[in-house]
Novice: 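Here you go, one structure.
Just so it is clear, the model here is predicted, and its values are computed rather than measured.
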Amino acid sequence: MNALHLPIRRVEVFGVAVPLVGPGFRNAYITKKAQKSAIVRLTADDGSVGLGNIDPSPGYSVETIEQSLTALRERLAPAVQGQDAGNPHRLSQTMDQALAGYLDAKAAIEMACIDLLSRRLGVPVHQYLGGKMVDELRFNAWIGILSPDEAAAEARKWFDRGFRSAKIKVGGGIEADRDRVGAVRAAVGPEMALRADANAGYSVDDAIALGRLLEPFAMQLLEQPVAADDLAGMAHVRQAIDIPVMADESITDHASLIDVIRADCADIVKLKVMKQGGFLTCRRMLETATAAGMKVVIGHGFGLGINTVAEIMLACTSTNVLEGLECVGPLKTADDIVTHKLDLSSGRIAVPAGPGLDVTLDDDKIKQYHFDA
């Protein structure tokens with residue numbers, strides 16, 4: 001039997017700005033009211049189609065959406081034109097030779113390539129990645145930088161809908177953080193796992209003080225308490241508090257994960273298909289973290305439907321992924337660019353079983369939300 005050969009005939013790149021629900025979302029970096037994203041559609045010579053999607057977040061992602069779209073249109077799309085989508089390793093090598101860095105942008109094309117290949121094979125992406133280990137996934141709620149009373153009410157709303165874990169944004173003052181987290185714990189009781197995310201916003205001393213203030217609330221983890229490049233400082237925080245520390249901003253490529261492991265600065269690591277450059281690298285990093293004895297959280301919080309399903313497909317392939325995926329973008333967006341918006345409202349979803357990513361692009365929505373970078 002001959003190897004599957006799928007030359008890429010067309011690479012389409014779209015920029016979209018999809019409105020978020022309510023007044024917007026605030027973290028340690030910005031408040032935003034729309035999610036600006038890049039969509040890639042690959043078409044092979046035989047008509048097979050694959051979809052990719054990245055959703056950079058200002059202040060957090062290495063690339064801006066404008067940089068991602070420029071890289072995709074001017075460097076990466078021309079480089080993969082005519083390349084074989086049936087050989088994702090060679091495709092990724094071609095992109096690396098065409099442009100250094102730009103893991104987000106490369107992930108959009110690699111995601112589309114894996115989707116195309118899996119659809120052509122007639123299998124879900126999770127089967128292409130080795131097979132699912134769970135049939136259903138749970139999701140993680142989120143609570144912004146709110147007053148204690150508002151945070152408590154928000155947490156109870158999520159709990160009553162079926163969510164059993166939640167991330168609480170912290171930053172701007174450790175006493176206010178303590179009061180917010182304490183109010184949430186009082187509102188939901190002991191059955192909800194609570195995560196605090198500092199988005200690299202505190203000094204080492206303040207992070208230690210924050211950790212000690214939060215210890216009475218039985219936290220599941222404290223995420224990225226200090227600057228991304230301060231691994232020694234994060235190790236100091238980890239040693240000084242009785243809460244597991246998770247590295248997020250500190251991790252980009254595989255080498256950065258190795259640096260975190262060597263620095264012994266985290267108990268848990270956070271991975272995302274987009275941020276790590278695509279399915280294959282992210283899957284390897286998941287196994288590396290597992291081999292190092294570290295649990296993994298999966299999920300980029302502002303993903304549109306394609307990127308969200310991509311992370312679902314990856315997360316279900318390992319029992320080392322903590323329950324409570326953070327790919328909850330469809331709960332934050334008022335619409336989507338796929339024909340059937342994911343329903344995560346109960347805090348859980350069955351693993352998709354259709355071929356590829358099992359989503360269909362809505363061309364009318366692409367036109368409706370189009371923006372020029």
Novice: How far does CD1 of I298 sit from OG1 of T317, to the nearest 0.5 angstrom?
Specialist: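 Answer rounded to 0.5 Å: 8.0 Å.
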Novice: Looking at side-chain heavy atoms only, is the closest gap between K169 and W142 below 4.5 Å?
Specialist: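 No. Closest side-chain heavy atoms not under 4.5 Å.
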Novice: Let me confirm one number: the NE2-CD1 distance from H370 to I39, rounded to the nearest 0.5 Å.
Specialist: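 CD1 of I39 is found 12.5 Å from NE2 of H370.
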Novice: Just checking, is any N or O donor in the side chain of D46 or S48 under 3.5 Å from an acceptor N or O on the other one?
Specialist: yes
Novice: Can D343 and S345 be counted as having a side-chain donor-acceptor contact under 3.5 angstrom?
Specialist: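 A pair is found: one side chain offers a donor N or O, the other an acceptor, under 3.5 Å apart.
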Novice: If I compare all heavy atoms of C327 with all of T308, which pair ends up nearest, and what's the gap?
Specialist: O-CG2, 3.4 Å
Novice: Is there side-chain contact between M219 and V181, with at least one heavy-atom pair below 4.5 Å?
Specialist: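 M219 reaches V181 side chain to side chain.
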Novice: Working note: S318 + N320, criterion side chain to side chain donor-acceptor pair (under 3.5 Å); need CA distance, chi angles, decisive distance, verdict.
Specialist: CA-CA 5 Å; S318 171; N320 196 52; 5.2 Å; no
Novice: State whether E175 and R178 are salt-bridged, where the test is any N-O pair (Lys NZ or Arg NE/NH1/NH2 against Asp/Glu carboxylate O) under 4.0 Å.
Specialist: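 No.
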Novice: Salt bridge or not for K270 and D197, using N-O below 4.0 Å?
Specialist: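 No, K270 and D197 are not salt-bridged.
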Novice: Of all the heavy-atom pairs spanning V170 and R180, show the shortest one and how long it is.
Specialist: CA-NH1, 3.8 Å
Novice: Strictly by modelled atom types, are D259 and S256 linked by a side-chain donor-acceptor pair under 3.5 Å?
Specialist: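 Side chains of D259 and S256: no pair found under 3.5 Å.
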Novice: Taking the side chain as C-beta and beyond, is there a heavy-atom pair between L361 and I337 under 4.5 Å?
Specialist: yes
Novice: Could you go through the side chain to side chain donor-acceptor pair (under 3.5 Å) check for T281 and Q276 one step at a time?
Specialist: CA-CA 6 Å; T281 297; Q276 270 61 72; over 6 Å; no
Novice: Just checking, is any N or O donor in the side chain of S118 or Q127 under 3.5 Å from an acceptor N or O on the other one?
Specialist: no
Novice: Hey, mind stepping through I312 and F139 against side-chain contact (heavy atoms from CB on, under 4.5 Å) and telling me if it holds?
Specialist: CA-CA 10 Å; I312 288 169; F139 293 84; 3.8 Å; yes
Novice: If I compare all heavy atoms of I241 with all of G211, which pair ends up nearest, and what's the gap?
Specialist: CG2-CA, 3.9 Å
Novice: Using a 3.5 Å distance criterion without hydrogens, assess whether the side chain of K36 forms a donor-acceptor pair with backbone atoms of E66.
Specialist: no
Novice: So which heavy atom on V49 is nearest to which on T43, and how close?
Specialist: CG2-OG1, 4.0 Å
Novice: One thing to verify: whether R238 and D267 come together as a salt bridge, which I'm taking to mean a side-chain N less than 4.0 angstrom from a carboxylate O.
Specialist: yes
Novice: What's the shortest heavy-atom distance between A263 and L231, and which atoms?
Specialist: CB-CB, 3.9 Å
Novice: Assess whether a salt bridge exists between R119 and D115, defined as any Lys/Arg side-chain N lying under 4.0 Å from an Asp/Glu carboxylate O.
Specialist: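 Salt bridge between R119 and D115, a charged N being under 4.0 Å from a carboxylate O: yes.
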Novice: Check R73 against V13 and note the closest heavy-atom contact, atom names and distance.
Specialist: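 In terms of heavy atoms, the two residues are closest at NH2-O, 3.7 Å.
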Novice: Relative to each other, are the rings of W158 and F163 parallel, tilted or perpendicular (30° and 60° limits)?
Specialist: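 Because their plane-to-plane angle is over 60°, the rings of W158 and F163 count as perpendicular.
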